[in-house]
Amino acid sequence: MTELTERLLAWFQRHQRALPWRETADPYRIWVSEVMLQQTRVEAVILKYQQFVESFPDAAALASADEEEVLGLWQGLGYYSRARRLHQAAQILVHEHAGRFPDYQGFRGLPGVGEYTADAVYSIAFGRPVLAVDGNVLRVGARLFCLEVDILSARAKKAVRSALHDHVAVNQPGVFNQALMDLGSAVCVPRKPRCEGCPAAFCCEAKLTGRTDELPIRGAPSRPRPTPVAVWVIRDREGHLLLRRRRGGGFLQGLWEFPWWETESSDAAAETEGAYGSGALRLTGRQAFHEYTFSHKQWLMDIREYVFDSDGELPWMPKSAEDYAWVSESGWANLPTATAFRSVFAFAGASGILAIGEEDDDG
DNA sequence: TACTCGTGGAC
DNA sequence: TGTCCAAGAGT
């Protein structure tokens with residue numbers, strides 16, 4: 001065991017956070033936590049994790065659940081394909097692996113299980129002596145070894161793996177990996193690292209050469225692309241709201257939403273009116289404008305209210321219509337929805353939304 | 001490699 | 001207030 005390893009483990013023993021997924025050795029629960037934690041802060045995960053494993057205490061329970069129920073518990077966490085892939089993977093585990101965790105390669109091949117997740121779960125739950133390289137470890141490694149390459153590049157990952165290889169605590173790799181991650185999130189933070197309390201400061205090349213503020217090197221993320229989008233709040237004669245469930249694509253797949261269309265022109269309302277309007281749809285005149293920013297696009301939402309004055313279906317609704325539903329102003333609360341539509345529910349006056357708290361309306 | 005895929009907290 | 005970014009995976 002190297003001095004770095006020794007000091008890091010001692011620091012972790014003293015400073016580690018109490019987290020619900022650290023109170024179990026169940027690989028299923030550790031797996032759930034790792035998937036939830038992808039690109040997501042610990043504080044946002046804790047409650048969701050507890051609710052999730054309470055509803056689905058094991059892989060069999062998750063496998064037999066409806067996708068809608070799974071998405072409902074994931075609601076608000078974002079990156080919803082994680083939930084669908086976890087659900088699919090649980091079904092594969094139950095039906096093709098008799099509910100037992102397969103070997104490392106078998107697990108690595110499950111939907112949503114990449115290199116990091118496989119390494120994290122198998123080091124923590126099974127003691128597999130591998131380094132789990134996440135964003136924290138990349139940042140810590142970049143400073144420890146003064147890596148001059150973009151930490152998001154494949155080269156950086158390879159360099160960190162190589163440089164840390166001999167430091168992995170092979171008799172407790174899971175503890176070692178979590179110690180590195182905790183160090184990254186609590187001490188070796190992106191800006192203004194807290195080197196005073198760092199157990200690795202004694203051998204940190206960035207610290208010893210005064211370069212902690214220059215490292216790591218990381219390219220600027222691409223900016224969200226402004227995107228006009230028309231959102232239709234459609235009521236029937238009884239005041240029910242028309243929602244649809246998204247199918248066939250990655251974005252927000254499986255979630256319920258108001259009908260919307262991204263448009264080429266900045267006048268989203270006019271463009272969609274021509275394409276999707278119908279004689280049975282009557283504008284009420286109520287309109288609002290909201291912005292909502294995803295990781296990769298910025299929606300400029302032109303929200304309009306219509307009344308559907310007919311008993312039929314709208315031309316663009318599929319014949320089966322099983323992915324469309326007329327719901328009461330409180331009925332939406334039982335359906336998984338994306339946060340992007342929170343302001344639209346507020347606009348629609350849907351009950352329950354005021355408890356969440358709102359928000360601007362440029363009218 | 002570069003892009004898609006959400007959300008909200010920190011500063 | 002805008003910017004950054006968090007225990008990534010899939011394509």
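In what follows, chains are A, B, ... by sequence order, proteins preceding strands, each numbered from 1.
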- Query: Base, sugar-phosphate, or nothing for A:Thr293, non-hydrogen atoms under 4.0 angstrom?
  - Reply: base

- Message: B:dG8, OP1 or OP2 - any side-chain N/O from A:Arg342 closer than 4.0 Å?
- Response: yes

- Message: Applying a 4.0 Å non-hydrogen cut-off, can you work out what A:Arg84 is touching in the nucleic acid: base, sugar-phosphate, or nothing?
- Response: nothing

- Once you round it to whole Å, what is the distance between P of C:dA9 and OH of A:Tyr116? 8 Å

- Span that lies between the C1' atom of B:dT1 and that of C:dG8, in whole angstrom: 16 Å

- Query: Base, sugar-phosphate alone, or nothing: which one does A:Gly184 contact when heavy atoms must sit under 4.0 Å apart?
  - Reply: nothing

- Message: Would you say that more than 12 heavy atoms from the other residues, nucleotides or ligands in this model lie under 6.0 Å from the CZ of A:Arg100, or not?
- Response: no

- For residues A:Arg235 and A:Thr284, is any side-chain donor paired with an opposing acceptor at under 3.5 Å? no

- Rounded to the nearest Å, what distance is computed from the CD atom of residue A:Gln39 to the P atom of nucleotide B:dC3? 16 Å

- Query: Distance check: side-chain N/O of A:His296 vs OP1/OP2 of B:dC5, anything under 4.0 Å?
  - Reply: yes

- Note on the structure: Taking for A:Val189 and for A:Leu110 the nucleotide of DNA chain C with the nearest heavy atom, the one nearer the 5' end belongs to A:Val189

- Give one of base, sugar-phosphate or nothing for A:Tyr49, where a contact means two heavy atoms less than 4.0 Å apart. nothing

- Message: Quiz question: going by heavy-atom distance under 3.5 Å, is there a donor-acceptor pair between the base of B:dG6 and the side chain of A:Thr40?
- Response: yes

- Query: Which part of the nucleic acid, if any, lies within reach of A:Val137 when heavy atoms closer than 4.0 Å are counted: base, sugar-phosphate only, or nothing?
  - Reply: nothing

- Message: Base, sugar-phosphate or nothing for A:Glu43? Non-hydrogen atoms, less than 4.0 Å.
- Response: nothing

- Query: How would you label the contact of A:Ala340 with the nucleic acid (heavy atoms, under 4.0 Å): base, sugar-phosphate, or nothing?
  - Reply: sugar-phosphate

- Please state whether the rings of A:Phe101 and A:Phe107 are parallel, tilted or perpendicular, taking 30° and 60° as the class boundaries. tilted

- How is A:Ala220 classified with respect to the nucleic acid when contacts are heavy atoms under 4.0 Å: base, sugar-phosphate, or nothing? nothing

- Note on the structure: Between CG of A:Leu71 and P of B:dC5 the distance, given in whole Å, is 16 Å

- Message: If I take atom CG in residue A:Leu183 and atom P in nucleotide C:dA6, what distance separates them, rounded to the nearest angstrom?
- Response: 14 Å

- Query: NA contact type, A:Arg155, heavy-atom cut-off 4.0 Å: base, sugar-phosphate, or nothing?
  - Reply: nothing

- Note on the structure: Side-chain contact check for A:Asp134: nearest option of C:dG8, B:dT7, B:dT1 is C:dG8

- Task: Scan A:Lys157, A:Arg108, A:Lys158 and name whichever one has a salt bridge (Lys or Arg N to Asp or Glu O under 4.0 Å) with A:Glu115.
- Result: A:Lys157

- B:dT7 P sits how many Å from A:Trp299 CH2, rounded? 10 Å

- Could you check whether A:Trp21 gets within reach of a base, just the sugar-phosphate, or nothing at all, counting any heavy atom under 4.0 Å? base

- Give one of base, sugar-phosphate or nothing for A:Ser295, where a contact means two heavy atoms less than 4.0 Å apart. base

- Message: What contact category does A:Phe251 fall into here, base, sugar-phosphate, or nothing, at under 4.0 angstrom with non-hydrogen atoms?
- Response: sugar-phosphate

- Query: Does CD belonging to A:Glu264 count more than 12 external heavy atoms closer than 6.0 Å?
  - Reply: no

- A:Arg218 has its side chain closest, among B:dC5, C:dC5, B:dG6, to C:dC5

- Message: Using atom P in both nucleotides, what's the gap between B:dG6 and C:dT11 to the nearest angstrom?
- Response: 14 Å

- Message: Whether A:Thr117 contacts C:dG8 is assessed here as follows: a side-chain N or O lying under 4.0 Å from the phosphate OP1 or OP2. Is that the case?
- Response: no

- Query: Of the nucleotides C:dG10, C:dC4, C:dA6, which one has an atom closest to the side chain of A:Arg108?
  - Reply: C:dG10

- Message: What I'd like to find out is whether the side chain of A:Pro216 reaches to under 4.5 Å of the side chain of A:Leu147, using heavy atoms alone.
- Response: no

- Message: Checking salt bridge (Lys or Arg N to Asp or Glu O under 4.0 Å) between A:Glu67 and each of A:Arg245, A:Arg247, A:Arg85, which is the one that passes?
- Response: A:Arg247

- Item | Rounded interatomic separation in angstrom, taking CZ from A:Arg191 and C1' from C:dC4 | 5 Å

- Message: Rounding to an integer number of Å, can you tell me how far A:Leu37 CG sits from C:dC5 C1'?
- Response: 15 Å

- What's the closest nucleotide to the A:Pro190 side chain, out of C:dC5, C:dG8, B:dG6? C:dC5

- Query: Between A:Leu152 and A:Arg225, which is nearer to the 5' end of DNA chain B once each is assigned its nearest nucleotide?
  - Reply: A:Leu152

- Separation of B:dT1 P from A:Lys157 NZ (nearest whole Å): 12 Å

- Task: Pick base, sugar-phosphate or nothing for A:Arg17, based on heavy-atom distances below 4.0 Å to the nucleic acid.
- Result: base

- May I ask you to say what A:Leu252 touches in the nucleic acid, namely base, sugar-phosphate or nothing, with a heavy-atom cut-off under 4.0 Å? sugar-phosphate

- Message: For B:dT7 and A:Tyr292 - does any side-chain N or O of the residue sit under 4.0 Å from the phosphate oxygens OP1/OP2?
- Response: yes

- Which of these passes side chain to side chain donor-acceptor pair (under 3.5 Å) with A:Gln178: A:Arg22, A:Arg17, A:Gln172? A:Arg22

- Query: For C:dA6, does either OP1 or OP2 sit under 4.0 Å from a side-chain N or O belonging to A:Arg139?
  - Reply: yes

- Note on the structure: Out of B:dT4, C:dA9, C:dC5, minimum distance to the side chain of A:Arg41 belongs to C:dC5

- Message: Under 4.0 Å from OP1 or OP2 of B:dT7: is there any side-chain N or O of A:Tyr80 that close?
- Response: yes

